[in-house]
Number of protein chains: 2
Amino acid sequence: MTEGPTITTIAQRAGVSIASVSRVLNGLPTREDTVRRVMRAADELGYVPNSVARSLRNRRTDQIAFAMADIGNPVYVAMVREIQPLLKEAGYRLLIHSTDGEAEDELGVLRGLRERYVDGLIISPLRGVTEEHIEAIVAARAPVVVIGSLPDDMPQGALVDNVRTDSRTGVRLALDHLHAIGRRRIGFLNGPLDTVPGAARAAAYREALEALGLPYDEDLVEVGDFYRDSGASAARALLSRVPGVDALMCANDLIALGALDVLREQGRDVPGDVAVVGMDDTDLASVTWPTLTSVSLGSAERGRAAAGLLLDRLQNGPREPRVVVVRPSLTIRGSTTLPGTSPGGAR
Amino acid sequence: MTEGPTITTIAQRAGVSIASVSRVLNGLPTREDTVRRVMRAADELGYVPNSVARSLRNRRTDQIAFAMADIGNPVYVAMVREIQPLLKEAGYRLLIHSTDGEAEDELGVLRGLRERYVDGLIISPLRGVTEEHIEAIVAARAPVVVIGSLPDDMPQGALVDNVRTDSRTGVRLALDHLHAIGRRRIGFLNGPLDTVPGAARAAAYREALEALGLPYDEDLVEVGDFYRDSGASAARALLSRVPGVDALMCANDLIALGALDVLREQGRDVPGDVAVVGMDDTDLASVTWPTLTSVSLGSAERGRAAAGLLLDRLQNGPREPRVVVVRPSLTIRGSTTLPGTSPGGAR
DNA sequence: CAGCAGTCTGTAAACGTTTACGGCCGGATG
DNA sequence: CATCCGGCCGTAAACGTTTACAGACTGCTG
């Protein structure tokens, strides 16, 4: 396996020093004649600079990592889809880490920053930012953007920006809508309470009910996992316990899919008998039948914001940490509107 | 910004040479006493090796890239989902390149191999492997796995393995099934003919009809793009031209989604009036209503195979190029089976 | 006690760049 | 003609590792 040409090879062929070669290739001022000879030699040899050597010398890798729980989750796909072109545009390559939501893996990625194989990191920790996460971020001395919530008491040295959404308001939007279309017995299918989204949504559901003057009823709440199967089981349990439920608020779209499966199986009309709202507004929401009303937490926008913050720090150097909050919105579709009825109309 | 400790720092603190430090850290035989001192110093300093310097010296980056048209496409997501854990297991990091299917971007990635920022590449070129692709692969001198079809006349020097599927057989499976449930006027909604999948599926459709003894009718074929909107337009056009069509074969699941939209809008029963078959068997297929019968081209399996081939080459050195062919299969769902009817039954 | 084998360690080179520094040469100036 | 200045260029060091090689030391043998 012949090794490729290096600047030394070019220097020999062009009869100049490696310093001149480097200068020419980097466009530094050089005599016309030298430029031509170097360019010629480089072309003939088909020279391509070695990015590893360059990284070592320049102390930058032009790589950025994105770490999330599961690349199979449409929410993260939406983020990657926004992040990738922004990074490419700015000359960075993208590394992907799927952590399965394991804190251990997340920490591994954060600690990996010290190996200096990336210039920065965007991370979305599923179970929140622990003491250990923070330590690792501080020790990394590389810019990090956390998508999700961050403790208030971040230490000074941490080069960390934050992008978050307001799922509280998101749940509120959904319940207001359900209330507006006349629903009063609104069930809630949540994910695990020891995840950040799970805990936040649980609290938000309670609050929203209160704001609407509806009673909180334990029987209307079911906790499972963030998957379709689990959503189906939860829906089945809830429906048999409280047959009169007239709406289901689901903590994400996958759970809502499971709920739709069960409602169809039981022959209950959606939204006639039971209205359903999902959360995350993934691509799936427009595919189901009926199509799924869903709270958009702005995945794409969060991805864009995170990439923007990171690039800003990399390009413009240190500054005060920033927080970007993305406002949720409600996308109303068929699972809460009877055909021919306007979205806001009563039932 | 304090720079982190290097082996030099450790060497000073431990009172030994950097060579000894390196030996200890790499587990080479060393006197007990020295080991202890080095380990102690490394711990106290919180040393982490610099992966860039290591890469430069070792001539390997422990990174692998995956290049595909669009990370938003569920087919590629399925592949990434399989590839990532295999690479992680083998100690490689994963880089993602979304090329938008632009030949220029694909070539950019291939040429990038010469910059040596990755040890290998998995690529899925949307519009086929051109002369230029091949040149770049040969020049790369790094192992490449192509997912998709590869010309027969690859030059000797190319370190390239190949994973492909047999979409011909896939289309055949679908048409056999449609024929078996009594459909005779089977329309075909295809993607662009200048893409590899588009061309292959067009030919396969013709062949399959012939094998079934059905006439080929131009009016039954519509060419658009591989997206949902485009699938809808195509379906609309086809249905108005040939109202009596009793089945729609779609070149991918997204097109099939569009077709389902239109059929619902026109009040035609699926599968009663028109049966629908998609292709790729993505997650979407189990979400639609009715759920979508779809030809699985084994995305996950192709991803696994590609990662396996690449790792094999990286770990065991040069060998003859290999080709893995993944057999398609048909996943039968609601869009071709009347409730209560067994899948194979007549209409 | 000389010689020798065997361990362990340190020096230095190498991986392929970028860049500080000083030298050389030309022309312009006094 | 001596001096100075500016523009180019080459030498060498640096980035942080790994590793070939040779030297130092130990303890043993004859």
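Every chain is numbered from 1, with letters handed out A, B, ... down the list of sequences.
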### Task
With a 4.0 Å heavy-atom cut-off, tell me which residues in residues 13-20 of chain A come close to DNA chain C, sorted by residue number.
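Heavy-atom contacts with DNA chain C come from A/Ile18, A/Ala19.
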
Quick one: [atom1] on [X] to [atom2] on [Y], what's the gap to the nearest 0.5 Å?
| X | Y | atom1 | atom2 | answer |
| --- | --- | --- | --- | --- |
| A/Arg304 | A/Arg81 | CZ | CZ | 12.0 Å |
| B/Met68 | B/Ile71 | CE | CD1 | 4.0 Å |
| B/Arg141 | B/Arg114 | CZ | CZ | 9.0 Å |

Expressed as a whole number of angstroms, how long is the span from [X]:[atom1] to [N]:[atom2]?
| X | N | atom1 | atom2 | result |
| --- | --- | --- | --- | --- |
| B/Glu32 | C/dT7 | CD | P | 17 Å |
| B/Arg36 | C/dT9 | CZ | P | 12 Å |
| A/Ile7 | D/dC9 | CD1 | P | 15 Å |
| A/Arg116 | D/dT17 | CZ | P | 11 Å |
| B/Asp33 | D/dT26 | CG | C1' | 15 Å |
| A/Asn58 | C/dA20 | CG | P | 12 Å |

#### Entry: B/Ala53 or A/Leu25, whichever maps to the more 5' nucleotide of DNA chain C
B/Ala53

Mind checking [X] for me? I need base, sugar-phosphate or nothing, with any heavy atom below 4.0 Å counting as a touch.
| X | answer |
| --- | --- |
| B/Ser22 | base |
| A/Pro29 | nothing |
| A/Thr30 | sugar-phosphate |

Answer yes or no: does a side-chain N or O of [X] lie under 4.0 Å from OP1 or OP2 of [N]?
| X | N | value |
| --- | --- | --- |
| A/Asn26 | C/dT18 | yes |
| B/Arg31 | C/dT7 | no |
| A/Thr34 | D/dC9 | yes |
| A/Arg54 | C/dT18 | yes |
| B/Tyr47 | D/dT17 | yes |
| B/Asn50 | D/dC15 | no |

### Message
Taking the basic N atoms (NZ, or NE/NH1/NH2) and the acidic carboxylate oxygens, is any pair closer than 4.0 Å for A/Arg93 and A/Asp62?
### Response
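A/Asp62 and A/Arg93: not salt-bridged.
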
### Task
Using a strict 4.0 Å threshold on nitrogen-to-oxygen distance, state whether B/Asp161 and B/Arg319 make a salt bridge.
yes

### Message
Quick check on B/Glu44: does its CD atom have over 12 non-hydrogen neighbours (other residues, nucleotides or ligands) under 6.0 Å away?
### Response
yes

### Message
Would you say CD of A/Gln315 has more than 12 non-hydrogen atoms from neighbouring residues, nucleotides or ligands within 6.0 angstrom?
### Response
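Yes, enclosed.
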
### Task
With the side chain of B/Leu56 defined as its heavy atoms from C-beta on, choose the nearest nucleotide among D/dT18, C/dC15, D/dC15.
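In terms of side-chain proximity for B/Leu56, the closest of D/dT18, C/dC15, D/dC15 is C/dC15.
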
### Query
Which nucleotide sits closest to the side chain of A/Arg23: D/dT17, D/dC9, C/dT18?
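Taking heavy atoms from C-beta onward, the closest nucleotide is D/dC9.
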
### Query
Could one point to a donor on the side chain of A/Arg59 or the base of D/dG16 with an acceptor on the other under 3.5 Å away?
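In this structure, the two groups form no donor-acceptor pair.
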
### Task
Mark yes or no for a side-chain to base donor-acceptor pair under 3.5 Å between B/Arg57 and C/dG16, with no hydrogen or angle criteria applied.
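Between C/dG16 and B/Arg57, which were checked side chain against base, a qualifying N/O pair under 3.5 Å is absent.
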
### Message
Given B/Ile64, which partner from the list B/Leu95, B/Leu314, B/Leu121 fulfils the side chain to side chain contact (heavy atoms under 4.5 Å, CB included) test?
### Response
B/Leu314

